[in-house]
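The structure appears right after this line, and notes come after that.
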Amino acid sequence: MTPDRAAGLAESRRALADGEVTSRALTEQALARIEATQPTLNTFRLLRAEAALAEADAADRELAAGGRRPLLGVPVAVKDDMDVAGEPTAFGCQGVFPPAAADGEAVRRLRAAGAVIVGKTNTCELGQWPFTEGPAFGETRNPWHTEHTPGGSSGGSAAAVAAGLVPAALGSDGAGSVRIPASWTHLIGIKPQRGRISTWPRGESFHGITVNGTLARTVADAALLLDAASGNHDRDPHRPAALTVADAVGRDPGRLRVALSLKPPFTAVPARLRPEVRARVVELAETMAALGHHVEEADPPYGQIGLTFLPRATAGIAERVREAPDPRLLDPRTRGAARLGRLLGGPPLRAARRAEAVLHRRIGTFFRSYDVILAPTTAAPPPRIGALKGLSGFATDRAMIAACPYAWPWNVLGWPGVNVPAGFVDGGLPVGAQLLGPAGSELLLVSVAAQLEAELRWHERWPPRLTEAGTPAT
């Protein structure tokens with residue numbers, strides 16, 4: 001293990017269990033890495049240094065007594081839309097937020113697995129955009145190229161893992177907010193089946209389009225964190241059958257029928273796949289064919305699925321704005337989305353929810369012909385910091401859809417998707433591809449992702465180390 005970059009989740013767990021390292025040492029190293037890079041990468045909204053070290057000491061005592069839990073003593077991070085007892089949940093917003101009275105269910109389960117929560121990572125305001133910037137916390141930067149965004153809205157979690165500050169982190173995904181930053185930081189990002197990881201104290205987040213997911217450098221680590229965080233609160237409305245997703249790592253998926261889907265789903269404004277991103281995704285498809293899968297171009301029957309997304313997203317924003325301590329401090333684009341959400345929160349929202357069953361049936365028929373979909377995660381590489389700053393709401397939406405038109409339909413459906421690294425473009429900017437499946441298909445998607453990882457070894461490549469000025473070291 002090298003103290004300047006975190007070992008993986010599985011490797012950290014093994015080293016702790018074998019007595020090669022203490023939880024206090026791992027936690028101290030993680031905190032030091034975060035503090036050293038905060039002026040350049042700015043990945044965390046808050047650190048829990050004192051509390052995390054106390055949790056690490058307790059883990060060391062348990063380890064010394066022979067205790068063995070799935071993540072006992074391993075430092076991890078969570079996104080700042082998740083409640084951590086005693087800490088505010090600002091979700092990217094300005095204002096004074098009260099400390100949470102209790103852990104959210106996902107955090108509670110991480111603690112039950114023995115994880116040490118070192119802090120809460122940055123996210124854009126109410127998770128709306130595929131960049132992690134805002135007046136509440138500044139700009140979170142991509143460790144591969146610090147003049148570019150790591151994506152969003154789980155950009156802080158993605159940048160922290162990509163830079164090796166922590167071995168893995170939780171994020172949330174409402175329109176690609178785990179998969180997009182995973183693609184732009186060369187990570188595995190798992191968006192699981194709705195309800196796999198609880199969003200409690202909200203039974204549904206953003207009317208069911210947002211789920212919690214995991215970010216890690218390897219498929220095994222992302223699956224391990226997913227299993228540790230998975231499970232339901234007694235009052236959760238969505239309760240999928242339990243899975244041990246880590247069991248699928250290394251499992252032969254068999255010969256699969258793969259649909260290579262390059263056409264963007266229905267969008268109200270133009271979206272075009274950049275040729276250099278298309279080339280990387282096609283290369284990944286060629287790798288899948290070389291591994292024995294049958295790959296052909298085909299697109300799911302999305303129809304006008306976008307009409308069902310907007311009411312759920314904006315009505316969710318309206319609800320969160322009502323909870324803000326001072327809505328006047330929010331971005332004008334947020335307030336505009338909330339106004340639209342109040343208009344769409346009645347009959348249009350109810351119609352959007354009813355349409356989900358129709359979409360399940362129609363798009364579900366596609367999986368009679370194909371086992372898995374391979375699609376771009378984004379249409380473009382990560383934009384520069386500040387590229388969307390100061391735009392109007394409509395201009396922001398246009399830019400966002402142009403760059404990221406592919407991820408959000410699976411949020412409407414509530415089905416699983418996994419981002420895998422697809423390579424680099426434009427002088428070293430990471431891009432990714434999605435493996436998409438029907439309801440409850442995490443085991444299949446993870447087995448395919450792990451098969452690709454074993455072939456391509458993407459986890460062996462790291463971002464350049466940064467100088468104190470925030471530029472890559474030579």
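- The backbone N or O of Trp462 lies less than 3.5 Å from no partner atom in the side chain of His186, so there is not a single donor-acceptor pair.
- Between atom OG of residue Ser23 and atom CG of residue Leu16 there is a gap of 6.0 Å, rounded to the nearest 0.5 Å.
- For Asp81 (side chain) and Gly127 (main-chain N/O), no donor-acceptor pair under 3.5 Å exists by modelled atom type.
- Between Arg361 and Glu356 no salt bridge is recorded (no basic side-chain N to carboxylate O distance below 4.0 Å).
- A donor atom on one side chain and an acceptor atom on the other are not found under 3.5 Å apart for Thr140 and Thr132.
- The side chain to side chain contact (heavy atoms under 4.5 Å, CB included) test with Val448 singles out one residue from Leu443, Leu435, Leu291, and that residue is Leu435.
- Within the 4.5 Å cutoff, the side chain of Val118 has heavy atoms near those of the Val166 side chain.
- Closest approach of Thr185 to Ala158, counting heavy atoms only: OG1-CB, 3.6 Å.
- A salt bridge does not link Arg141 with Glu147: every distance from a Lys NZ or Arg NE/NH1/NH2 to an Asp or Glu carboxylate oxygen is 4.0 Å or more.
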Exercise for review: For the pair Trp415 and His360, evaluate ring pair (Phe, Tyr, Trp, His ring centres under 6.0 Å) and give the outcome as yes or no after the intermediate values.
Suggested key: CA-CA 9 Å; Trp415 294 347; His360 281 166; 5.1 Å; yes
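- Looking at heavy atoms from C-beta onward, Tyr406 lies in side-chain contact with Leu273 at the 4.5 angstrom threshold.
- Remark: the Glu453 side chain and the Thr218 side chain contain no N/O donor-acceptor pair separated by less than 3.5 Å.
- With hydrogens and angles disregarded, a donor-acceptor distance shorter than 3.5 Å links the side chain of Arg194 to the backbone of Val412.
- Residues satisfying the salt bridge (Lys or Arg N to Asp or Glu O under 4.0 Å) criterion with Arg384, sequence neighbours excluded, are absent altogether.
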Point to revise | Test log, rule salt bridge (charged side-chain N to carboxylate O under 4.0 Å, His left out), inputs Glu11 and Arg13 | key: CA-CA 5 Å; Glu11 172 60 18; Arg13 180 178 69 168; over 6 Å; no
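- Annotation for Pro382 and Pro430: closest pair CD-O, 3.5 Å, computed over non-hydrogen atoms.
- From Ser177, atom OG reaches atom NZ of Lys191 across 11.5 Å, with rounding to the nearest 0.5 Å.
- Listed for the Asp236 side chain is no donor-acceptor partner under 3.5 Å among the backbone atoms of Gly203.
- Contact of the Pro300 side chain with the Ser261 side chain is registered, since non-hydrogen atoms from C-beta on lie closer than 4.5 Å.
- Minimum heavy-atom separation, Ala248 to Val446: CB-CG1, 4.0 Å.
- The nearest pair of heavy atoms linking Ala90 to Asp80 is N-OD2, 3.4 Å.
- Taking the side chain as every heavy atom from C-beta outward, Pro143 and Thr37 never approach each other to under 4.5 Å.
- In this structure, Asn42 CG and Glu133 CD are separated by 10.5 Å, a value rounded to the nearest 0.5 Å.
- Here the closest heavy-atom approach between residue Pro150 and residue Gly155 is recorded as CG-O, 3.7 Å.
- Between Lys79 and Ser153, the side chains place a donor N or O and an acceptor N or O closer than 3.5 Å (distance only, hydrogens not considered).
- Exactly one residue among Thr214, Thr210, Asn411, Asn212 makes a side-chain hydrogen bond (donor to acceptor under 3.5 Å, both in side chains) with Asp173. That residue is Asn411.
- A distance of 9.0 Å separates CD of Glu323 from CG of Leu126, quoted to the nearest 0.5 Å.
- Aromatic ring pairs are classed by plane angle as parallel below 30°, tilted from 30° to 60° and perpendicular above 60°; the pair Trp129 and Phe131 is parallel.
- In this structure, the side chain of Arg362 engages the main chain of Tyr302 through a donor-acceptor pair within 3.5 Å.
- Between the side chains of Asp227 and Thr244, no donor N or O sits under 3.5 Å from an acceptor N or O.
- With rounding to the nearest 0.5 angstrom, the CH2 atom of Trp200 is 12.5 Å from the OG atom of Ser205.
- Side-chain N or O atoms of Thr43 include none that pairs as donor or acceptor with a backbone N or O of Ala159 at under 3.5 Å.
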Point to revise | Candidate pair Gln434 and Thr377, rule side chain to side chain donor-acceptor pair (under 3.5 Å), full reasoning | key: CA-CA 5 Å; Gln434 303 177 88; Thr377 303; 4.7 Å; no
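- With a 4.5 Å cut-off on side-chain heavy atoms, Val418 and Ile188 count as touching.
- Salt bridge absent: Glu87 and Lys120 never bring a charged side-chain N and a carboxylate O closer than 4.0 Å.
- Contact of the Phe367 side chain with the Val372 side chain is not registered, since no non-hydrogen atoms from C-beta on lie closer than 4.5 Å.
- To the nearest 0.5 Å, the span separating CG on Asp4 from CZ on Arg33 amounts to 7.5 Å.
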Point to revise | Gln128 vs Thr334, side chain to side chain donor-acceptor pair (under 3.5 Å): CA-CA, chis, key distance, verdict | key: CA-CA 8 Å; Gln128 299 168 83; Thr334 301; 2.8 Å; yes
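- Judged by distance alone, the side chain of Thr308 and the main-chain N or O of Ile305 form a donor-acceptor pair under 3.5 Å.
- A salt bridge links Arg257 with Asp371; the closest basic N to acidic carboxylate O contact falls under 4.0 Å.
- Judged by distance alone, the side chain of Ser154 and the main-chain N or O of Ser157 form no donor-acceptor pair under 3.5 Å.
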Exercise for review: Before giving the answer on salt bridge (charged side-chain N to carboxylate O under 4.0 Å, His left out), spell out for Arg353 and Glu204 the whole-Å C-alpha distance, their side-chain angles and the decisive distance to 0.1 Å.
Suggested key: CA-CA 12 Å; Arg353 295 309 304 261; Glu204 287 192 326; 2.8 Å; yes
Point to revise | side chain to side chain donor-acceptor pair (under 3.5 Å) between Thr89 and Asp83, worked out | key: CA-CA 6 Å; Thr89 303; Asp83 286 349; 2.7 Å; yes
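- Looking at heavy atoms from C-beta onward, Val161 lies in side-chain contact with Arg217 at the 4.5 angstrom threshold.
- Side chains of His207 and Glu319: a donor-acceptor N/O pair is present below 3.5 angstrom, by distance only.
- Among Trp144, Trp184, Trp458, the single residue meeting the ring pair (Phe, Tyr, Trp, His ring centres under 6.0 Å) criterion with Phe424 is Trp144.
- The backbone N or O of Arg239 lies less than 3.5 Å from no partner atom in the side chain of Asn232, so there is not a single donor-acceptor pair.
- At least one donor-acceptor pair under 3.5 Å links the side chain of Arg69 to the backbone N or O of Ala112.
- With contacts defined as side-chain heavy-atom distances shorter than 4.5 Å, the pair Arg45/Thr121 does not qualify.
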